[in-house]
Amino acid sequence: MTALLEVSGISVTFDGFRAINNLSFSIGPAELRAIIGPNGAGKTTFMDIVTGKTRPDAGNVLWGERSVSLLKLSEAQIARIGIGRKFQRPTVFEDQSVTDNLIMALRAPRSPWAVLGWRARAPDLARVADLAAEVGLADALPRKAGELSHGQKQWLEIGMLLAQEPQLLLVDEPAAGMTLAEREHTTRLLVGLAKTRAVVVVEHDMEFVRRLNCKVTVLHEGAVLAEGSLDHVTRDQRVIDVYLGRSER
Amino acid sequence: MTRSFLARNPSVLVFLSILALFTLGVTLLSEAYGTALISTSFIKTLGKTLCLCLAALAMDLIWGYAGILSLGHMAFFAIGGYMIGMWLMYARTEEIVVAALANEPLPATAQEIQNGIAGQIFGVVGASELPPVWLFAHSLPLQLLLVVMVPGLLALVFGWLAFRSRVTGVYLSILTQAMTLALALYLFQNDSGLRGNNGLSGLQNIPGLAGVSQAAVSVWFLWASAAALGFGYLLLAWVVSGKFGSVIRAIRDDEARVRFLGYSVEGYKLFVFTLTAIIAAIAGALYYPQAGIINPAELAPIASIYLAVWVAIGGRGRLYGAVIGAAFVSLLSSWFTGGRAPSIPLGFYTINWVDWWLVLLGLSFVAVTLFAPKGIGGLFDLVQGLRRPDRKGAALGPDDGALMEREAQE
Amino acid sequence: MRALVAALVAAFLMLVPAMLAAQTAARSVAEILVENRALVEKPSRQSIGPVIAALAGSGDPQAATILAAWADRGLGQRKSDGGFFLIAPNADGYALTALDGSDAGTATKSEITELRPNSGVRGLISVALVQFRLTDPDPARRAEALATIARDPAPELLAPLRASLDGEADPALAAQKDRLNRLLTLRFDPDSAARVAAIDSFSGDLGLDLRAALNPLLATVRKTAPLAAQIDGNIARDLTPGDDLPQGEAYDLLVAANLAPARLSPADLKAALVANIVNGQVAGTPVAVLNTQVARNAAYTALEAAGSVPLAATDEEVTQAVAAHRFAEVYSEPDPAVTTAATRVLKAIETKLALMQAADLGLDALSLASIYFLAAIGLAITFGVMRVINMAHGEFIMLGAYTGYVVQLFIPNYTLSLIVALPLAFAVTFAAGVAMERLVIRHLYKRPLETLLATFGISIALQQLAKTVFGTQARPLTSPAWLDGALSFNDVVQVSYIRIAIFVLALVFLVVFLFIMQRTRLGLEVRAVQQNPSMAASMGINPDRINMLTFGLGSGIAGIAGIAIGLFAKVTSELGSDYIVQSFMTVVVGGVGNIWGTLAGAAMIGGLQKGIEFLNPSNTLAAQTYMILFIILFIQFRPRGIIALKGRAAGD
């Protein structure tokens with residue numbers, strides 16, 4: 001199985017602080033992966049690098065069968081190539097309706113000229129309705145996104161990610177601030193998604209990671225400390241020292 | 001397509017009807033075609049106001065919808081005026097020179113006519129040769145093309161440089177202001193080829209229409225301005241109604257998120273910047289023949305800030321708000337500064353509005369920003385019973401240009 | 001003509017003394033006058049030279065007095081006996097003094113004929129008098145004579161100047177005389193070697209007088225000659241037509257040298273055609289088709305063929321004529337040794353001059369930079385620290401300048417008024433800033449674009465208010481006398497005291513700012529609020545109060561900057577808006593949130609503007625245009641400014 005995303009030897013420094021230190025990582029086309037690590041381990045910076053927000057000082061990020069280097073692409077190009085990102089706090093366009101939010105995310109040409117002439121046709125609206133139903137927002141379509149509850153915004157954002165039809169999903173702390181029921185719903189959603197595409201979940205919450213039941217990568221000080229099943233890494237003495245020993249959250 | 005678009009946006013139909021009625025009414029009250037109740041100079045003022053409304057529409061698209069506070073759009077407006085002014089002045093002078101040379105025993109050569117025109121136009125700045133920028137001034141179609149091309153290209157190059165390096169928010173505002181200042185200073189030079197601080201004058205005399213009275217010409221320009229405003233409104237309403245409008249409003253509120261959706265934010269900004277620059281230029285090209293004169297002072301950065309003020313007072317993020325703001329403030333301004341507003345005697349001091357109008361405008365602008373960010377447009381929301389959302393003071397997005405809580409509708 | 005006469009007189013003056021010294025040493029002035037009575041009665045410039053020379057060289061102690069009197073209509077002739085007297089008008093005629101200095105009684109007006117030399121003769125006399133003035137016992141008169149010579153050098157002055165060299169006792173005057181002697185020598189000495197030596201003696205000198213003396217030596221004229229002949233004279237360089245000499249100008253030279261017929265101008269051609277219109281036709285061509293130059297040329301050629309107009313050069317003939325001649329630039333100075341030496345010395349001077357000019361430019365840039373720094377430092381605080389765009393900052397500068405003006409109305413002593421105005425301006429603008437922060441800006445935090453527009457509203461209101469109160473004309477803010485004048489290093493490098501004062505003021509502000517921010521409790525709290533307002537609040541700092549004080553501080557500094565700017569620019573209501581864009585540029589280019597960045601930004605913008613002005617000196621407007629374009633490009637490469645906060649600290 002060839003890797004979908006191949007990150008090799010990246011390093012990045014902020015004002016002398018090494019946020020990422022010679023990190024290598026790879027994930028296959030239909031795989032669910034959890035990344036854990038203490039605060040400042042470089043989890044968010046890692047996602048910033050993959051999505052093009054931050055440029056690494058060294059190393060390489062290759063994508064897909066044709067091994068395209070992501071380092072030369074802009075954020076928008078990386079998003080178009082098939083990498084979706086969900087932020088920790090739900091970020092939807094609050095001044096616009098749920099429909100508009102989903103339509104913007106729908107897979108379609110993204111250039112200004114194409115968008116200018118684009119008008120929603122019946123199949124597009126049907127697809128929007130399907131997505132809304134999938135994430136449980138079927139009744140909320142005409143409402144403004146700003147009026148939704150916190151959990152609903154999370155689902156809308158996931159719906160927008162689905163509309164993008166990405167091959168790789170980067171999800172930042174999806175369970176934060178959710179009720180137990182919402183967590184279970186989110187777990188099912190993520191596991192379901194990973195059947196057709198790669199999903200990387202960055203999470204603090206061990207219980208949630210255990211429920212995902214997938215391979216785990218432990219980051220520490222910007223490098224991979226251990227990799228394997230959750231049981232495997234939690235038995236690793238180094239992991240216990242740096243992470244579990246300090247994880248009081 | 002268009003029918004369904006109008007059906008979905010009834011406000012466009014309402015606006016166009018009001019505009020048509022206004023134009024018809026003014027025509028019927030004009031000196032040339034009606035009861036002469038409105039003086040020709042006031043018709044010119046109305047026509048100019050329509051052009052300013054068009055420029056304000058462009059400003060609303062770039063600021064109200066895309067969240068980019070450009071302080072350079074009056075520069076594009078003035079460049080449009082300069083471009084059409086070059087043809088007007090050249091062609092008009094050519095008529096005069098040809099008429100003068102017709103009395104000579106020999107028919108004039110092209111070179112003699114050219115020299116005569118150059119001498120007439122550039123005598124004031126001590127030059128006698130036509131500068132290279134006047135290469136196309138003899139041709140109306142070419143110069144009309146330049147009305148669109150010059151500001152368009154300038155906006156394209158400037159915008160590409162600015163957006164590419166991710167200059168946003170107030171930095172971009174300051175940068176556009178600097179661009180405007182640079183242009184104004186450039187045009188103030190005598191060797192800029194555009195007559196330095198004399199500017200271009202006599203633009204109200206339309207070449208080839210010597211026999212037509214200014215009364216009629218002013219009404220024609222009113223029609224042209226109204227038509228341009230109507231088309232501009234239609235075009236912009238169409239642009240903002242679809243997914244494009246959705247995307248640029250999303251850029252206004254949270255451009256980083258739009259990037260992660262796969263839209264090239266810079267491309268959209270550049271598109272909107274250039275489009276609005278062209279619209280502003282067209283408005284300027286219609287404005288200055290009615291004003292009669294254009295000089296570099298028109299490009300002063302302050303003019304572009306006024307444009308933003310109009311949009312803010314009218315209510316940003318709604319097209320009719322921009323039109324109302326521009327019309328309201330500029331008409332009020334010409335009423336106050338024209339000396340027609342009655343002075344207020346306070347006993348110890350008499351408030352003379354020519355002196356105090358700017359103070360009033362400045363302070364009322366502060367008041368609008370502080371207390372009524374929806375501007376005049378907010379009144380329509382009151383009438384329609386729309387309330388603003390309760391967001392506990394949070395804006396609708398993290399970016400500088402994002403809508404404020406009090407600007408949004410529920 | 002005048003130069004010729006002058007040269008002749010000079011030759012006499014140089015030769016005659018030697019001759020006369022032998023022959024006429026014993027003769028008195030009176031004798032000479034009597035001998036040349038006819039010439040003296042009706043003097044003319046052409047003929048009087050030898051007489052004046054003889055008088056000057058007579059050795060008579062009264063000679064100088066008499067010559068001066070003659071030039072000044074103080075010399076008369078008694079009609080009865082033809083005797084010469086020094087005359088002074090009195091109540092009933094003239095008081096007479098004999099030429100030997102003894103009193104000779106009085107005479108009525110009718111008895112005396114005043115000698116009235118014309119201006120040309122008076123000029124010759126005054127040249128002759130120079131030698132007396134140069135040896136005058138009074139050093140002040142000698143210095144005056146030197147200044148006269150330096151102002152209006154002439155060949156005939158060389159000899160008297162040299163003659164006076166030896167006797168000079170005053171060392172300063174001796175040096176001055178020596179320099180003047182060399183300057184005159186290099187221009188007027190007949191001996192080539194002496195001139196070259198004089199030129200070389202100046203090597204490395206930067207004086208304006210030297211450049212004024214050398215430059216005329218290298219003046220050139222363009223000359224032409226047929227290819228077969230040589231161009232005579234001291235050739236500076238050969239010119240190739242079409243290359244370094246435009247074809248048209250080359251032909252004009254030929255015409256001027258009578259080597260070719262004048263070219264027919266389009267106007268003359270037209271006039272010739274008009275003169276030959278017969279029945280609506282010119283040489284058979286209908287007038288109506290003569291609306292191109294080609295058609296007109298053809299018609300003229302037809303007229304030429306018919307012999308009704310003179311021949312005129314066609315373009316082809318012009319080309320041929322130009323090709324058949326050589327062209328050169330020729331020095332008006334005939335001596336090649338002199339021009340070579342002058343070129344060499346001037347080149348050395350230019351090199352040195354360029355260095356000096358660079359130094360001068362550096363000083364200029366420095367003072368402009370300190371002005372921008374002063375104008376921007378307040379912004380660096382409000383914009384850089386608080387991220388508040390204050391478009392009314394320029395109006396605060398204006399407010400400070402007007403405060404200075406008003407204080408001067410009440411306190412006429414400029415020094416005292418300045419001392420009062422500086423803190424007062426700070427207080428006024430501090431109060432204005434605090435009021436603005438409380439009333440407006442506080443409600444718009446985190447909304448920079450709205451702040452921009454609201455403060456712009458305040459800006460236009462303040463500007464109009466100032467216009468209404470103080471009127472539109474510029475008001476003076478006069479600097480104290482001790483700030484007038486300039487510190488001058490040499491003829492090239494100088495800097496006015498007021499600019500030095502502004503530079504010092506800028507330095508003081510830098511130090512004060514650093515002290516406040518780094519060493520005081522207020523600075524600590526300001527930095528805390530800047531970095532994390534809620535954390536600061538939880539530690540007992542009141543962010544509202546800190547923001548208010550910070551904004552007041554920034555505004556107050558703007559007021560002081562206003563006084564500094566008002567001192568060298570006139571105070572108008574637009575004073576502030578002239579500086580606001582540059583100030584923002586300074587802060588943005590330098591890097592927001594860092595005082596060193598503002599300093600670097602001011603240095604860059606000031607240096608850039610002066611540099612561009614130097615390259616294109618005629619046009620400060622263009623310099624500003626190019627500078628702004630440069631800044632727009634610069635921001636491409638360093639969007640966060642010269643000194644940028646990097647990485648996560650930048651908080652993007």
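Every heavy atom of this structure was used, including side-chain atoms; hydrogens, water molecules and symmetry mates were not. Order of the sequence lines fixes the chain letters, A, B, ..., with proteins taken first and strands second; residue numbering starts at 1 for each chain.
More than 12 non-hydrogen atoms from other residues, nucleotides or ligands lie less than 6.0 angstrom from CD of C:Gln281.
The line from CG of B:Leu370 to CZ of C:Arg442 is 12.5 Å long, rounded to the nearest 0.5 Å. Going from atom CG of B:Leu363 over to atom CD1 of C:Ile458 covers 8.0 Å, rounded to the nearest 0.5 Å. Here C:Arg296 contributes atom CZ and B:Thr109 contributes atom OG1; the two are 5.0 Å apart, rounded to the nearest 0.5 Å.
Interface check for chain C: of the options B:Ile302, B:Ile113, B:Val167, the most heavy-atom pairs under 4.5 Å are formed by B:Ile302. Most heavy-atom pairs under 4.5 Å with chain B, from the set C:Asn291, C:Val289, C:Ile628: that is C:Asn291. In terms of non-hydrogen atom pairs under 4.5 Å with chain B, the most contact-rich of C:Leu453, C:Val588, C:Leu462 is C:Leu453. Of the residues considered (C:Thr468, C:Val581, C:Leu449), C:Leu449 shows the highest number of contacts with chain B, using heavy-atom pairs under 4.5 Å. No other option in B:Glu104, B:Arg166, B:Glu112 has as many heavy-atom pairs under 4.5 Å with chain C as B:Glu112.
Using a 4.5 Å cut-off between heavy atoms, B:Ala110 touches chain C through its backbone atoms (N, CA, C, O) alone. Only the side chain of C:Ile277 comes within contact range of chain B, with heavy atoms under 4.5 Å apart. Proximity to chain B (any heavy atom under 4.5 Å) is shown, for C:Lys467, by neither the backbone nor the side chain. Using a 4.5 Å cut-off between heavy atoms, B:Trp63 touches chain C through its side chain atoms alone. Contact of B:Gln111 with chain C is not made at all, since no heavy-atom distance falls under 4.5 Å. When heavy atoms are compared at a cutoff of 4.5 Å, B:Leu161 approaches chain C by way of both its backbone and its side chain. Only the side chain of C:Met391 comes within contact range of chain B, with heavy atoms under 4.5 Å apart.
No side-chain heavy atom of C:Ile460 sits under 4.5 Å from any side-chain heavy atom of B:Phe365. In this structure, the side chains of C:Leu629 and B:Tyr186 stay at 4.5 Å or more apart for every pair of heavy atoms. Here the side chains of B:Ile174 and C:Ile389 are in contact, with some heavy-atom distance below 4.5 Å. Annotation: side chain of B:Pro105 is not in contact with side chain of C:Val287 (no heavy-atom distance under 4.5 Å). Annotation: side chain of C:Leu452 is in contact with side chain of B:Leu71 (closest heavy-atom distance under 4.5 Å). Between B:Leu358 and C:Gln463, every side-chain heavy-atom pair lies at or beyond the 4.5 Å cut-off.
Although no hydrogens or angles enter the test, the distance criterion places a donor-acceptor pair under 3.5 Å between the side chain of C:Gln464 and the main chain of B:Asp355.
Scanning both residues, C:Lys270 and B:Leu106, for their nearest heavy atoms gives CG-CD1, 3.8 Å. Across all their heavy atoms, B:Gly362 and C:Ala461 have their closest contact at CA-CB, 4.3 Å.
No option in B:Val366, B:Val309, B:Thr369 other than B:Val309 meets the side chain to side chain contact (heavy atoms under 4.5 Å, CB included) test with C:Phe456.
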